[in-house]
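I'd like to ask you about the structure that follows.
By convention in this document, chain letters (A, B, ...) are assigned in the order of the sequence lines, proteins followed by strands, and residues within each chain are numbered from 1.
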Amino acid sequence: MRNNMKNRMTSTAVALALFGTVFLAGQSAQAAGNTPKPPAQSWSFSGMFGTFDRAAAQRGLQVYREVCAACHSLRLVHFRQLSGLGYKEAQIKALAAEVEVTDGPNDEGEMFDRKGTPADKFPSPFANAKAAAASNNGKAPPDLSLMVKARIGGADYLHGLLNGYEAAPAGFKVPEGGAYNKYFPGHVIAMAAPLSDDAIEYQDGTKATVAQMATDVSTFLAWAAEPELEERKSMGIKVLLFLLIFTGLLFAVKRKIWEDVH
Amino acid sequence: MSDTADPAASAEIDEQTRRDFLFATTAAVGAVGLATAVWPFIDQMNPAADTLALASTEVDLGPIEEGQSITVVWRGKPVFVRHRTADEIKSAGEDDKAELPDPETDAARVQQPKWLVMIGICTHLGCIPLGNKSGEPKGEFGGWFCPCHGSHYDTSGRIRKGPAPNNLPIPAYNFLSDTKMKIG
Amino acid sequence: MSEKQMHPIIKWIDYRLPVFSFMEHELHEYPTPKNLNYWWNFGSLAGIVLVIMLVTGIVLAMHYTAHVDYAFDSVERIMRDVNYGWLIRYIHMNGGSMFFIVIYIHMFRGLYYGSYQAPREILWMIGVFILLAMMATAFMGYVLPWGQMSFWGATVITNLFSAIPIVGDSIVTLLWGGFSVDNPTLNRFFSLHYLMPFVIVGLVFLHLWALHMHKSNNPLGIDAKTDQDSLPFHPYYTIKDLFGLGAFLIFFAYFVFFQPNFFGEPDNYIVANPLQTPPHIVPEWYFLPYYAILRAFTADFFLYAYTPIAWIMSAKLAGVLAMFASILLLLLMPWLDGSKVKSSKFRPVYAMFFWIFFLDCIVLGVVGGKPAEGVWINIGQATTTYYFVHLLVIIPLVSRLERPKTPPESISAAVTSKAEG
């Protein structure tokens, strides 16, 4: 019996050591260099029971369309997917119809423009990557569809970045064409501060401070990167519950079958 | 041996029942779990969201003049939309009483008589019949002619002569306005 | 076979193709030591993960397009538009990590209890080949989404082959099908990634065949001699394996549903850009120890610079060879370990060195994930050195010099005494 206990303790110690290492190894990857970690926000969609705050996400869509869409594409998101944020079919049709989409060739062999439909994706502000770079000092503004998954820190990082424009500390020289940002790796970002207080007027009347817009657009972009999040987490709860019960039953059956051996 | 007062025997039977119940419950729960887990792997083969989004097509009827036909693509198939002339509507109605391989009245095939909407795939072996563009042969019945094996369709799209067994199929469609129609 | 009530149809089939009596013998009656602990669950878990990977992979292949212009977007289409596509993709993605977790535990179990010793040498060696096949499969699979890490990881690793003298560059061009990692490379990786798992299935079949020849090892490392020492596989170990599966699925499901990108790299959600190298190129976590060994061989690494190796080859080639050697040397375990006693339960000194080796592997993994700078270079070189010292010096010496404790007479004797004690 003592031997058994010792084995169990060793196994547990090993498991804990492994988790500890993995955890620590993960930590240091983030504070690479001397760029500070952005402060953690509390997001409606974090945790095992998270969901997207519909109101915030809809405001975020407004911020995207009125501020970001001038330079950043959202090419993996289709208008029809906005039903996931609570928009009705008529609203989606109207939103889509506000944009022009190139289609064709027609029977004359020419490309033509037409109004967008729900099946279309969000349009790109530039014809191609090189055009995007040419209009932006040689650096193409990246697509935002996956930005929340493509950066360490995710929505926290986005929020920090958008709020993180400040005067460079004494002695730090910011090169031509760049701006100082507290959380951008290397501190020099090619994008000038995109948000300013009251840059847009929210349709629902919320005051459009930089912090508010940063939160809203980060929520919207978190949805754009992971539209399946709510379904995934709710399914996860059901699956885990099922597995806990089923594994419990299997354990009981195992003990029953092994009765005569133990 | 019906000594039901024997405590050891009935305890063993209780034990057996409890064990069977446990095994049965576990198996049942497992079966339900397995079935639930299998479903996504089957459902993933059903049309994806982007395919479903193209399940219907809107057609602008304004530019189609009388006597003109256009072909639109719907779910990967050609759909003939014809703005019929008065003569065509008249002859289509009269032929209701003619000898039809696939009997169907013209009224059953249209919602508004001047608009004929049909899937342009010959019901014989799948070629696309001619007759939409001016200059193309329209067959002996003034409608459409399939060049592959010589099927003739009339001004209602019904098969009149040739190897095709059925009339050109009518897809589900509805009018959103006088000048707009949604197919599918 | 005993007089069983075989259904006439079963009997008819079995007479012509003995599937039923085969299963009866190999899966039902099959004698398994009665004292196996839960570390023995990981073999069946690996088999199940292999099946999960095959099923999810085949389904994903119904929607994936292996062309540089479409690959990334086809994966995102799976995530967003295909019914349950996100679920199947995340199961496949995290299943890869799960596969390596399970296999590494399975291997360390083998190392601790001497499962590689006679008569199970070939069983062990087939296992090493399965590991190599898994690594090839995983490497090529990671390229398929065509993200930044996919592209640059492929570039770095295929470039390694240029270290081979004389033919190196030609081999790399052959692998690439061009002058850099590009569409030809992606296409062939897709083909081979689809193929390799079936090679693994074949190897697993050989692995199980070899296992069934001499049956499982056990925590005491002594042979099962009588019927008293064993139990029929069904129902005892079928139920224990099912229970283990349930516990494992909880662990797996937590990652799939709540932390699906924990094992991954954010950079792989950026489309591959051949003109922009990411700041840190990191392979998947299960390759990190080998990556550390590869990078340890710098020009001034003492194990390279002060040995005859420096006269024969470049530091780069030495690193590549050491990386492969770290796995291939495992093939020699049955001969490096010279002890008559299998299980570390009775070899406390050997056991201590086992745990140090285990720790060494963990640290190697951490080093592999860090940029090759500063103190990490020193730690990497120290742990790399220790890895080879452990295999080539410590095991041969300790196994032959240590006087092990006396194992019990038989498994059943040990089990009975444990019940009484």
Side-chain angles (χ1 to χ4, degrees), chain A residues 75-85 87 89-90 92-97 101 103-108 112-122 145 227-228 231-232 234-260, chain B residues 11-12 14-41 43-44 47-60 62-64 68-76 78 81 132-134 136 176-177 180 182-184:
Chain A
R75 64 188 188 82
L76 294 173
V77 181
H78 295 252
F79 287 102
R80 55 178 162 80
Q81 289 166 327
L82 290 172
S83 56
L85 283 181
Y87 290 94
E89 200 187 321
I92 296 175
K93 261 189 164 167
L95 276 168
V101 167
D103 202 352
N106 56 21
D107 285 338
E108 278 79 55
F112 59 92
D113 284 343
R114 59 163 175 82
K115 288 223 270 283
T117 66
D120 290 320
K121 45 189 171 78
F122 277 73
S145 316
E228 89 291 342
E231 191 189 355
R232 169 164 58 82
S234 94
M235 196 187 287
I237 300 288
K238 296 191 194 99
V239 168
L240 280 185
L241 236 52
F242 171 84
L243 283 174
L244 279 161
I245 297 173
F246 188 51
T247 307
L249 281 172
L250 285 171
F251 185 63
V253 172
K254 185 255 176 192
R255 296 282 288 203
K256 240 334 180 248
I257 291 180
W258 280 77
E259 256 178 352
D260 45 352
Chain B
E12 213 195 278
D14 276 344
E15 188 55 43
Q16 180 86 324
T17 319
R18 254 202 300 269
R19 206 174 81 158
D20 288 343
F21 177 71
L22 177 64
F23 288 7
T25 311
T26 309
V29 170
V32 166
L34 198 64
T36 318
V38 164
W39 172 244
F41 290 91
D43 195 31
Q44 56 84 22
D50 59 346
T51 311
L52 289 174
L54 298 173
S56 57
T57 309
E58 282 183 17
V59 185
D60 191 8
I64 311 177
Q68 228 195 352
S69 306
I70 63 161
T71 308
V72 291
V73 176
W74 171 72
R75 293 190 184 173
V81 179
N132 274 349
K133 298 204 177 67
S134 57
E136 281 182 356
L176 301 173
S177 73
K180 237 192 174 55
K182 183 167 108 163
I183 309 177

Using a strict cut-off of less than 4.0 Å between a Lys/Arg side-chain nitrogen and an Asp/Glu carboxylate oxygen, indicate whether B:Arg19 and A:Glu259 qualify as a salt bridge.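 No.
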
Should the heavy atoms of other residues, nucleotides or ligands under 6.0 Å from NZ of A:Lys256 be counted, would the total exceed 12?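 Check passes, neighbour count above 12.
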
A:Arg114 CZ to B:Asp60 CG distance, which is reported to the nearest 0.5 Å: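 So the gap between those two atoms works out to 13.0 Å.
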
Quick one: NZ on A:Lys121 to CG on B:Asp50, what's the gap to the nearest 0.5 Å?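 It is 12.0 Å, given to the nearest 0.5 Å.
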
Of the backbone (N, CA, C, O) and the side chain (C-beta and beyond), which part of B:Ala37 lies under 4.5 Å from a heavy atom of chain A, both, or neither?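 Neither part.
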
Is it the backbone or the side chain of B:Leu54 that comes under 4.5 Å from a heavy atom of chain A, or both, or neither?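 B:Leu54 touches chain A through side-chain heavy atoms alone.
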
Considering non-hydrogen atoms only, spot the tightest contact between B:Val29 and A:Phe246 and give its length.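 Closest pair (atom of B:Val29, atom of A:Phe246, distance): CG1-CD1, 3.5 Å.
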
For B:Glu58, is the CD atom crowded, meaning more than 12 foreign heavy atoms sit under 6.0 Å from it?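 Yes, enclosed.
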
If I take atom CG from residue A:Leu250 and atom CG from residue B:Leu22, how far apart are they, to the nearest 0.5 angstrom?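 Rounded to the nearest 0.5 Å, the CG-CG separation comes to 9.5 Å.
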
Does a sphere of radius 6.0 Å around CD in B:Glu136 hold more than 12 heavy atoms from other residues, nucleotides or ligands, not counting ones at 6.0 Å or beyond?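 Counting neighbours around CD of B:Glu136, more than 12 heavy atoms of other residues, nucleotides or ligands fall under 6.0 Å, so yes.
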
If I compare all heavy atoms of A:Ile257 with all of B:Phe23, which pair ends up nearest, and what's the gap?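 Result for this residue pair: CG1-CZ, 3.8 Å.
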
